[in-house]
Number of protein chains: 2
Amino acid sequence: MPIATPVKKHVTKETPAPERARETAPAEKGADAAGEADDATRLVEAIELLFFAYRDFISDPDALLAEYDFGRAHHRVIHFVGRNPGITVAELLDILRITKQSLARVLKQLIERGFVAQETGRKDRRQRLLYLTEAGRDLNDRLAAPQRERVARALLEAGAEAGSDAEDAWRKVMLALLNKENRSEVEDRLADGRDRPKGRKP
Amino acid sequence: MPIATPVKKHVTKETPAPERARETAPAEKGADAAGEADDATRLVEAIELLFFAYRDFISDPDALLAEYDFGRAHHRVIHFVGRNPGITVAELLDILRITKQSLARVLKQLIERGFVAQETGRKDRRQRLLYLTEAGRDLNDRLAAPQRERVARALLEAGAEAGSDAEDAWRKVMLALLNKENRSEVEDRLADGRDRPKGRKP
DNA sequence: AAAATATGTCAATATGGCTGACATAAAATC
DNA sequence: GATTTTATGTCAGCCATATTGACATATTTT
């Protein structure tokens, strides 16, 4: 599917800005003779913004993961277990949208190497509740650091330009991009209603 | 690497909202006793927003691609060739951040099946300039449609809530999320300075 | 003439998805 | 209490898409 960023194994490259001199691009889309951005163009640009932002965004922790011989799959698990201590396997699968067989592989490695711990559920002893170990929390933090910095910087930069509620506007748009069925799931853990309890429904 | 969404081959599943009743999540992060979102939490939430928004966003065209037996890689190529008619292989590689061997495979298929056409560069005859064929433009459009709709809807919803410059703020943040080296590259094709010519430097 | 560049291609490998089938333990239901 | 359902784990194989390294070709630059 669409415009999902690839993985890039050994963080190499860094090409030095290509010449970009198009010859004769046949038909420059639609109505932008002088300086009008028609809706279609604006929307396609938004699509690309998502692509590029995400591409750069997820490029941050790669080097670190490589040191551990982990991949993005491991990162995702670590992140969401870190965010939802005691999450069940089923819930994790629901977030990640992968099969249990796929999850099993990375989860097994994470457990073997001591980043994730399991615990039998007390109410339902079939369940395996997942937690980060000390090492797991540590790695999680080191992985998140560059991403947090990136977001913080971006919000600052943009906020300075666009008004201090830029962050709020950004969040609202991002949230509105979700499938409706996922809104509440995500909203639950979000700051929108700061008072709401996070990740549980007692 | 981190929190990049998986591919989901045969668009199945759709789990019916799990129970989500955590037992005793040990330590609920940091300082949110009552209703305070510390910076770290806000930033982590932003990270997740990017993950979830992107996950849903790229899920749109999957069904369509499957009809053609294409994957996300094909979509990416079609999109960027469509946006940059006459783009060279090297430029495309630079955008996609993959190796030429990886590109070669999907590009070959797209050419064989008549969605992309090559043309020898006139100034530099080593170059292969890439264009979408009629069929390619058509597919590109059909792929983009649900994504455009999604973005349009999101901007509307959020704009209604957050003021009409929500779009502007959103774009500024998204752009600020990019690596500095990529800013100008991306800005070039963006609406920020509506007057600037797109994708060329004559 | 030699070197650098743009592209293509062969071959091997890894990651992380997928499917299907089956196994176990615990809970829920009849 | 027996049966069925649920949560999880696991084996085995497949596929898409990425990687690396090496090398070939045509063309442009030096």
Side-chain angles (χ1 to χ4, degrees), chain A residues 1 3-13 15-16 18-19 21 55 58 62 65-66 68-77 87-94 96-112 118-130, chain B residues 1-13 15-16 18-19 21 55 58-59 62 65-66 68-77 87-94 96-109 111 118-130:
Chain A
M1 312 91 175
I3 314 212
T5 256
V7 172
K8 203 66 206 271
K9 211 56 234 268
H10 284 313
V11 199
T12 32
K13 200 135 72 161
T15 338
E19 245 323 304
R55 183 194 66 174
I58 65 173
D62 286 4
L65 287 165
Y68 291 80
D69 268 296
F70 285 154
R72 290 181 182 178
H74 301 86
H75 186 188
R76 292 197 285 269
V77 171
I87 192 173
T88 66
V89 171
E91 288 175 315
L92 190 50
L93 287 175
D94 194 57
L96 297 177
R97 302 268 175 91
I98 59 177
T99 57
K100 64 178 171 179
Q101 296 92 326
S102 294
L103 175 58
R105 212 181 359 216
V106 299
L107 193 50
K108 192 177 186 180
Q109 292 169 12
L110 287 171
I111 290 169
E112 280 173 359
Q118 286 181 325
E119 200 178 287
T120 300
R122 276 182 298 285
K123 282 185 59 168
D124 185 337
R125 302 192 30 217
R126 290 171 302 182
Q127 296 181 330
R128 299 302 150 82
L129 311 186
L130 304 174
Chain B
M1 315 92 172
I3 314 212
T5 256
V7 170
K8 204 69 207 274
K9 210 54 233 276
H10 286 312
V11 199
T12 31
K13 201 138 63 157
T15 338
E19 246 324 303
R55 182 193 67 175
I58 65 171
S59 78
D62 286 6
L65 287 165
Y68 291 81
D69 268 296
F70 285 154
R72 290 182 182 177
H74 301 86
H75 186 187
R76 292 197 286 270
V77 171
I87 193 175
T88 66
V89 171
E91 288 174 315
L92 191 50
L93 287 175
D94 194 57
L96 298 177
R97 302 271 174 91
I98 57 176
T99 57
K100 64 179 170 179
Q101 295 92 326
S102 293
L103 175 58
R105 185 174 29 88
V106 299
L107 193 50
K108 191 177 185 181
Q109 292 169 9
I111 290 169
Q118 285 181 326
E119 200 179 286
T120 300
R122 277 183 297 286
K123 282 185 59 169
D124 185 336
R125 303 191 29 214
R126 290 170 304 182
Q127 296 181 330
R128 297 302 148 85
L129 310 186
L130 304 173

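A note on names: the letters A, B, ... follow the listed sequences, proteins ahead of strands, and every chain is numbered from 1. Keep in mind the model is a prediction, meaning the values are calculated, not measured.
When the C1' atom of C:dG8 is taken as reference, atom CD of B:Gln118 falls 10 Å away, rounded to whole Å. Following rounding to the nearest Å, B:Leu103 (CG) and C:dC10 (P) show an atom-to-atom distance of 15 Å. For the pair B:Leu65 CG and C:dC18 P, the interatomic distance rounds to 16 Å; values are reported in whole Å. Atom pair A:Ile87:CD1 and D:dT8:P shows a separation of 10 Å (rounding to whole Å applied). Atom OH of A:Tyr68 is separated from atom P of C:dT15 by 18 Å (rounded to the nearest Å). In this structure, B:His74 atom NE2 and D:dT17 atom C1' are separated by 10 Å, rounded to whole Å. With rounding to whole Å, A:Leu110 atom CG is found 11 Å from C:dG16 atom P. Look at CZ on B:Phe70: it is 16 Å from C1' on D:dC15, rounded to the nearest Å.
If you check C:dT7, D:dT17, C:dG8 against the side chain of B:Arg105, the one that comes closest is D:dT17. For A:Ile98, the side-chain atoms get nearest to C:dC18 when compared with the rest of D:dA7, C:dC18, C:dT9.
In this structure, the separation between OG1 on B:Thr99 and CG on B:Leu93 is 7.5 Å, given to the nearest 0.5 Å. For the atom pair CD (B:Gln118) and CG (B:Leu129), the distance works out to 9.5 Å, reported to the nearest 0.5 Å. To the nearest 0.5 angstrom, A:Gln127 atom CD is 12.0 Å from A:Glu119 atom CD.
OP1 or OP2 of D:dA18 has not a single side-chain nitrogen or oxygen of B:Thr99 nearer than 4.0 Å. Contact check, A:Ser102 against C:dC18: a side-chain N or O comes under 4.0 Å of OP1 or OP2.
Here the closest non-hydrogen pair linking B:Arg125 and B:Arg122 is CG-O, 4.0 Å. When all heavy atoms are compared, the tightest approach of B:Val106 to B:Ala73 is CG1-CB, 3.6 Å.
Residues forming a side chain to side chain donor-acceptor pair (under 3.5 Å) with B:Arg126 (at least two apart in sequence, or on another chain): B:Asp124.
Residue B:Gln109 is classed as having no contact, given no heavy-atom separation below 4.0 Å to the nucleic acid.
Between A:Leu130 and A:Val77, every side-chain heavy-atom pair lies at or beyond the 4.5 Å cut-off.
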Does the protein touch nucleotides 21-28 of chain D at the base, only the backbone, or not at all? Give it as B, S and - per nucleotide, heavy atoms under 4.0 Å. BB---BBS
